[in-house]
Amino acid sequence: MTEPLIFEKSHPHLSAPRLPAGSKGQGEPLPEGLRRRRSPRLPRISEPELMRHYSRLAALNYSVSEQFYPLGSCTMKYNPIANEVAAALPGFADLHPYQDEATVQGALALLWELERALAAITGVDRVSLQPAAGAHGEWTALRMIQAFHRERGEQRDTVLVPDSAHGTNPASAALCGLKVAEVRSAPDGRIDLGDLEAKLSPRVAALMLTNPNTLGLFERDIRTAASLVHGVGGKLYYDGANLNALMGICRPGDMGFDAVHVNLHKTFTTPHGGGGPGAGPVGVKADLVPHLPTPTVEREDGAFRLDFDRPASIGRVRTFLGNFGVLVRAYTYILAMGGDGLAQASEDAVLAANYLRKRLEGVLELPHEGPCMHEFVASARGLAAEHGVRAIDVAKGLLEEGYYAPTVYFPLVVPEALMIEPTETESRTTLDAFADAVAAVVGRAGEDPEALRHAPHGLPIDRMDEVSAARRPVLRWLPEGDTH
Amino acid sequence: MTEPLIFEKSHPHLSAPRLPAGSKGQGEPLPEGLRRRRSPRLPRISEPELMRHYSRLAALNYSVSEQFYPLGSCTMKYNPIANEVAAALPGFADLHPYQDEATVQGALALLWELERALAAITGVDRVSLQPAAGAHGEWTALRMIQAFHRERGEQRDTVLVPDSAHGTNPASAALCGLKVAEVRSAPDGRIDLGDLEAKLSPRVAALMLTNPNTLGLFERDIRTAASLVHGVGGKLYYDGANLNALMGICRPGDMGFDAVHVNLHKTFTTPHGGGGPGAGPVGVKADLVPHLPTPTVEREDGAFRLDFDRPASIGRVRTFLGNFGVLVRAYTYILAMGGDGLAQASEDAVLAANYLRKRLEGVLELPHEGPCMHEFVASARGLAAEHGVRAIDVAKGLLEEGYYAPTVYFPLVVPEALMIEPTETESRTTLDAFADAVAAVVGRAGEDPEALRHAPHGLPIDRMDEVSAARRPVLRWLPEGDTH
Amino acid sequence: MLDAMGASSLEDLLRDIPAELRLGRLDLPEGLSEFETLQRIRALAGRNRVYEDRLTFRGAGVYRHFLPASVAAVMSKPQFATAYTPYQPEASQGTLQAIFEYQTAIAELTALDVANASLYDGATALAEAAVMAMSHTGRQRIAVAPYVHPEYLQVLRCYADGRGFDIVELDESMAIGPETAAVAFQQPDLLGSMIEPAGLVEAAHGQGALAIACVDPISLGMITPPGEYDADIAVGDGQQLGLPPSFGGPHLGFIACRTSLTRRLPGRLVGQAWDGKGRRGFVITLTAREQHIRREKATSNICTNHSLCALGAAVYLSYVGPDGLCRVAEAGYRNAHILQSRLTALAGVEAIRSERPFFSEFAVKVPDPVAVLERLDRAGILGGLPLGRWYPDLDRALLFCCTEVNDDDAIDQVVEVMSQS
Amino acid sequence: MLDAMGASSLEDLLRDIPAELRLGRLDLPEGLSEFETLQRIRALAGRNRVYEDRLTFRGAGVYRHFLPASVAAVMSKPQFATAYTPYQPEASQGTLQAIFEYQTAIAELTALDVANASLYDGATALAEAAVMAMSHTGRQRIAVAPYVHPEYLQVLRCYADGRGFDIVELDESMAIGPETAAVAFQQPDLLGSMIEPAGLVEAAHGQGALAIACVDPISLGMITPPGEYDADIAVGDGQQLGLPPSFGGPHLGFIACRTSLTRRLPGRLVGQAWDGKGRRGFVITLTAREQHIRREKATSNICTNHSLCALGAAVYLSYVGPDGLCRVAEAGYRNAHILQSRLTALAGVEAIRSERPFFSEFAVKVPDPVAVLERLDRAGILGGLPLGRWYPDLDRALLFCCTEVNDDDAIDQVVEVMSQS
Ligand SMILES: Cc1ncc(COP(=O)(O)O)c(C=O)c1O
Ligand SMILES: Cc1ncc(COP(=O)(O)O)c(C=O)c1O
């Protein structure tokens, strides 16, 4: 089942749809030389065909709307419909960001309230809603930390990152011109305090950490780590990708983190969209507040206004006020859940992960001792050694069983990693069925490893030749015979 | 690929979602004896599971959004998204039908304008928008015709219906307490004027006809037929299921029809919904106008009002003002298309049908000479005789090829009928691909008829045992072990 | 395409149409872009007044309820919305299973054995039930209890006038006799009052007639369902099950009955079936009742029904679940009772039929209903329905309705406005 | 579940969390039903003023356009909206193919070779392009032409401050030298004026620097695209391609470049691939540039991008097609020119930079911008943006914008109001 490219469905002689034509008057013609020479080769297609094309493409996707999506670190929980209703309200969707403040008091109020809610959840003093995603939030936070140190005239050029960290952490540091030093994980999967201490120096700008870490384990010694880093004048940055384990249970701010990003497209149920848009608000403790991006939303005498007068601010990290539509969705979710509901969600997430982990004991290798928090990492190392069936093969086998695959080969510290995050919105029935499916795939690894190495079959396509694809990349359609 | 029943997914201990609770006050308790004894066994299921259930069910359907749907007589054309946007506007969706007229002037204006547009398209004087579907419209029209004759003290108890007519025609007549006399089709597929004349009498209340008829052929002698029926004092009723052939080309009112129903869910692109809701407005010529259902929408001094004071009216055929949401969609379509667009649509529909018919020449038997109008009927008689492959088997073969099936075994006058209506919204590419698919299925009929008799495979289910299903009908879920 | 088929022109394809019938030009304005179309449509929508949910106190057949967003989300799925009636089961399991689930939910709600796939609305469902009763009993008279919704009665009469049966209104004397095919009643009745159906059912059965209950589906979350008082057929309107008021439609009619009446049911029925590989599936079944098979001998003429609305109702009932449905019913009941007692405590406001228990609607008499409604309207409130439109003797009465969406503030506001008379 | 896993309590599972870190209670109100939640949210939405499309004359980065209903319909399909980044191609062909089509459309629009799968917005796209240029040239300075959107410049500075590169503003003297990594310019510029990019590109290339064009995607339906004047990288914001203003986001940043720069592109790239059965499909490719593989050596830190918005843009571009896009551009152009000539004919309204051609935005000086805007506002019109917020020397200027949704009536209204000064 494949679908032609929309360009391949174009009818060369089809005329454009009726469009609003604007003024009936005669305007000036475009001056010579400004008109484009070649018309862009966009498709000419009727609305019925357009819609059918995308309906068919949609049917080729697995999504959390139809499949269990145990993608570790991604928190693929259910995205409530109410969020979508909220974001589509004309009172939000049709607002111009440069309207007079008096005409957007509701929007500013929402931003103000959302900021407070996120601050309450994470235990920080202020939050910027501007960053567009997690990585953007990481970078924004590091920029603030950088500004903080610079203001004090300190030369801190190093960021400490655990070896289990997500790739965006070192990449964000690099984008700030900072050097990355890796901190080892101890055998129990947690940060090695000895190695951390060894790497501390007055050049350390920050330690980036997520807690629970990417193995799904709570960093028990977080307070010690925090005081070690603070001891050398460094800051602690919290990667919020794993916040779904902690809402109402404990707060990064209380652990000693100075800056915290939150993935609204993970913990706060805004849809992931096949790769965004998300939002990565950043919360900070008081001493970083002066460096928050501009503008902030302030309340004065019951009215809301934007504050652009922030001399110590790092400036802007994107245009306007962030991914407002995403923020509306997240706030809708927070209102609906309430403090009680959010706490329940995190508890249920931990419960689901531990339940599934238990169900997989003896089926897959579980390199670290439990309990886990909201996710856990299994390994296909044994299968690889014994049957030549690697983590990717297990993943593909699961696709055949009608499940999306766990995250594979991350974190890097676990060989043949399969990182599994069920989330609180899955029922026990689903977890049981998934555990059975994993067992079935593992069974097949023993019986017919070769077949599994060629899985999946029966999906729209089989395994792709990704090596050739990267060697001679074809990154766009071109008409038959055309090379440009 | 099947999905458990939602009842089978119920979690016995799951609590209800948060719901608005109304007043916090204490009301009176329900008096003894009025409370239901046994709670209804509705499912207890979370919103995530609910949505996934229906997403998965949706994926089991073929629909015009994803598949070409050449279902004859059903006009499965594309349903524009704008229609849905229109019907969902709070200014329509949130209106109570018993609001004061002054507060619903926009809604009444829409009804008034839609009535005029349908009158212009069909060539009648007034239109009632109350009927909920085609069959309901048929019955409404017959009720008006009955009222007309009764008012004149005439005893007319017979309705003439061609043998090629849709089942709803005789059924609607019967629901009016009228007898049905069948009029034969001539060998060319059109009404046999001789037989019509033979069946005429002063007892004839009406002739029900669709034009083009269910074979997709234009009834050339419609004017003669009309004067014959009118000659004995009968009325002509037009089944509008096939109006998609005629918009802007010719009008039932001009052919001599006295009453006309229109299927908004066919010709006017309101989605069919897997079996409704539709709408079946009925238009009539002046002498039937007094009998229109109550109320009508009238305009006076620029304001719109409902007229309930219609002494000769047949009364109400349903509550309120009809399927308003469907009417909004149809009017949106009419506005977007305009007179020019509607005419183009009908021309394109005729073109598409003739093109496809031509492509199928020599592939399937085409028992009637062309040109056809917006649809045509093929026959699998030859395949049945030669290979034992019947119309239903061809239909199932087409399902396997990724197409919905044509209408089969209707009209009854063609043995092994396959009734094909492509509609104007399909591209030539699609028509060509479909013609190839038909040819492929016919080819398989010769090569492996047995396989075709068991087609389809690869769909969510194979052929069902419908005989057993009807013999011991199971029309509802019951819990395991429960017989009630 | 013309070339490819050897036709010289489109006219050639239209040659069967006599020249004198050809239309010069369709007398409608030119088409518009989607933008302009929706601008026009929005302008029409903008000329209507929308009352807030919480400030709506009018029902009488159409109600403001909480509409879970998931209902519209499911109904708008194109695979449901743009499929036809599920003639080919292999390619229609989505619709078929959803309808089977709907049938089950309606059977459970009404506590009857079987429900069909849907009808147009509550009124036509009542008329179809009457036709069923007549065919079943071979009798020609339907006795109708007082205060059945007047529009339902009008529709019933329209069906009766055609098909040729009598409608008699039951007064206190209970004129049910051996010529009665069925006794039909509404519970709660139009005035919101709870009637005592058991007596009517017994009287009907005593004469060999059927009992038809026309019920409010939300009320069944809480109050006795037709099956528990032995009614033979239950009908009603499904708007309240997750569908927007939409100025009166599209909603749906539901109909449920005892097994013995199954083969007299109008319209589609979905049944369970099995394929050759032993997989369960669903098909349209017992079609030998239907127009496309039986033509003039069919149980009804209905073809297209209200399938998508039935889907919506099934989603709603699954969303709220049994406890949720009960809570919705209780909230409406509680609100209505609080409002009624506060209103009838006001000077000049009189209770009507206060001796009867009521569910979520109740009527009160006021000195000047028009003035009261105007005052409410100015406060943004859609007040009770003036009953004079149907009952001359109730020309000073307003029928108020509460559901779970009214809250204390809204109730206070109504009382406040109405105390200013 | 606890039982099944032999845990005594949830506390048991949380035992790794030090007691002193445990939170007593989350300081947030209790949860609400969906109904109440949306009531609260609607109340917030209700406190914002929405101007009609046709009466909106403000742009400066976010524009009111006709939004085909099909765009939102596709974007809201759950199979697109609720999928993750397409890591598993076999189960993600829908997203992958849609992005491949988007990449193609952007490459066509910009007349460049390759586009990525999307970035956050136009400003971050410009910053990423600057980073590309620096890595490519090994130089540390970006020269920026006048009247690039001030917020884009602010974002660029924020990236520069971190990464450690210089931003110099190009004055008339064209200070481009051997230390310049790239020359960046906006076409049309913030004031709506069309600049002459060829000269800038030539100057850049003459010094071995790259040329980065920041462009308006609608304008490219009509005016010369970056590839035709030899720019190396094109960036811009995709809001205009079918996405609602939404108070500024989410929209998308697009970036396209010559083939030689492909491996320096930030973010996802989707490429064509084949399976063992010879079926064409699509995969995320050239991942060796990305953070999850290269970590601190990656071309960018971006992970989640704006995929769903890119899908929306692709739907939009397919809906309008090449001729439609041109007509949209022409309508905005025509409207703006008509409005500009009528406004500048008014007493007291002065054209700014009237010597330059402009596209669909233009600035005029008025005696009292605040008063003018207030008067427009009272007529329901969102007037031009006061430029004093960014340019003190333009404190009497208003930047007006037209698109295809403004019509003659709306233009008349603006002129009417502004002639009353
Ligand atoms: C642990 C971790 N950190 C950071 C990120 C980056 O977040 P985003 O994709 O929103 O930029 C992710 C996302 O996958 C993650 O899992
Ligand atoms: C020829 C014809 N007449 C009447 C009808 C009945 O219309 P409806 O299904 O809207 O009641 C149909 C519908 O299939 C039809 O095809």
What pairs with D12(D) under salt bridge (charged side-chain N to carboxylate O under 4.0 Å, His left out), at least two apart in sequence or on another chain?
R15(D)
In terms of heavy-atom pairs under 4.5 Å with chain A, which of G321(D), G164(D), A288(D) leads?
G321(D)
Side chain of H96(A), backbone of V62(D): donor and acceptor closer than 3.5 Å?
yes
T37(D) side, atom OG1; L335(A) side, atom CG - distance, nearest 0.5 Å
6.0 Å
In plain terms, say whether D462(A) and R279(D) are close enough for a salt bridge, that is, a side-chain N and a carboxylate O under 4.0 Å apart.
yes
Determine the option with the most heavy-atom pairs under 4.5 angstrom with chain A, choosing from G276(D), P89(D), G122(D).
P89(D)
If you tally heavy-atom pairs under 4.5 Å between each of Y51(D), Y159(D), F66(D) and chain A, the highest tally belongs to Y159(D)
Decide yes or no on side chain to side chain contact (heavy atoms under 4.5 Å, CB included) for H53(A) and Q97(D), but give the supporting numbers first.
CA-CA 11 Å; H53(A) 177 70; Q97(D) 181 169 334; 3.7 Å; yes
Stepwise salt bridge (Lys or Arg N to Asp or Glu O under 4.0 Å) check, R49(D) with D100(A)
CA-CA 10 Å; R49(D) 168 118 187 239; D100(A) 195 276; over 6 Å; no
Once you measure the plane-to-plane angle for H136(A) and Y120(D), does it fall in the parallel (<30°), tilted (30-60°) or perpendicular (>60°) bin?
tilted
Just checking, any donor-acceptor pair under 3.5 angstrom between side chains of N301(D) and T168(A)?
no
Contact class of R35(A) relative to chain D, heavy atoms under 4.5 angstrom:
both
Sort Q99(A) into side chain, backbone, both or neither according to what part of it lies under 4.5 angstrom from a heavy atom of chain D.
both
Between R334(D) and A21(A) (side chain of the first, backbone of the second, donor and acceptor by atom type, cut-off under 3.5 Å), is there such a pair?
yes
Check whether any side-chain heavy atom of K77(D) lies under 4.5 Å from a side-chain heavy atom of S63(A), and answer yes or no.
no
Part of E3(A) lying under 4.5 Å from any heavy atom of chain D:
both
Do any N or O atoms from the side chain of D121(D) and from the backbone of T319(A) form a donor-acceptor pair under 3.5 angstrom?
yes
If one checks every heavy atom of L89(A) against chain D at 4.5 Å, the contacting part turns out to be side chain
State whether the side chain of R143(A) and the backbone N or O of C158(D) hold a donor-acceptor pair below 3.5 Å, judged by distance alone.
yes
Distance in Å, Q146(A) CD paired with R163(D) CZ, rounded so as to fall on 0.5 Å steps
12.0 Å
Taking side chain as everything from C-beta outward and backbone as N, CA, C, O, which of these in M194(D) sits under 4.5 Å from a heavy atom of chain A? Side chain, backbone, both or neither.
side chain
I411(D) side chain reached by S23(A) side chain, heavy atoms, under 4.5 Å
yes
I'd like to know which of G281(D), S33(D), A336(D) tops the heavy-atom pair count under 4.5 Å against chain A.
G281(D)
Between the main-chain N or O of R37(A) and the side-chain N or O of E228(D), is there a donor-acceptor pair closer than 3.5 Å?
yes
If you tally heavy-atom pairs under 4.5 Å between each of G31(D), A91(D), A314(D) and chain A, the highest tally belongs to A91(D)
Nearest 0.5 Å please: distance from the CZ atom of F92(A) over to the CG atom of N48(D).
6.0 Å
Please step through side chain to side chain contact (heavy atoms under 4.5 Å, CB included) for the pair L311(D) and Y54(A), ending with a clear verdict.
CA-CA 10 Å; L311(D) 170 69; Y54(A) 286 106; 3.7 Å; yes
Short N-O contact, D113(D) and R476(A), less than 4.0 angstrom
no
Decide whether T82(D) and N79(A) meet the rule of one side-chain donor and one side-chain acceptor closer than 3.5 Å.
no
Between the side chain of Y404(A) and the main-chain N/O of Q88(D), is any donor-acceptor distance below 3.5 Å?
yes
So, the part of I334(A) with a heavy atom under 4.5 Å from chain D: the answer is side chain
Salt bridge check: are K24(A) and D408(D) linked by an N-O gap of less than 4.0 Å?
no
Considering only heavy atoms and a distance below 4.5 Å, find which of V328(D), L28(D), D377(D), T224(D) pairs most often with chain A.
T224(D)
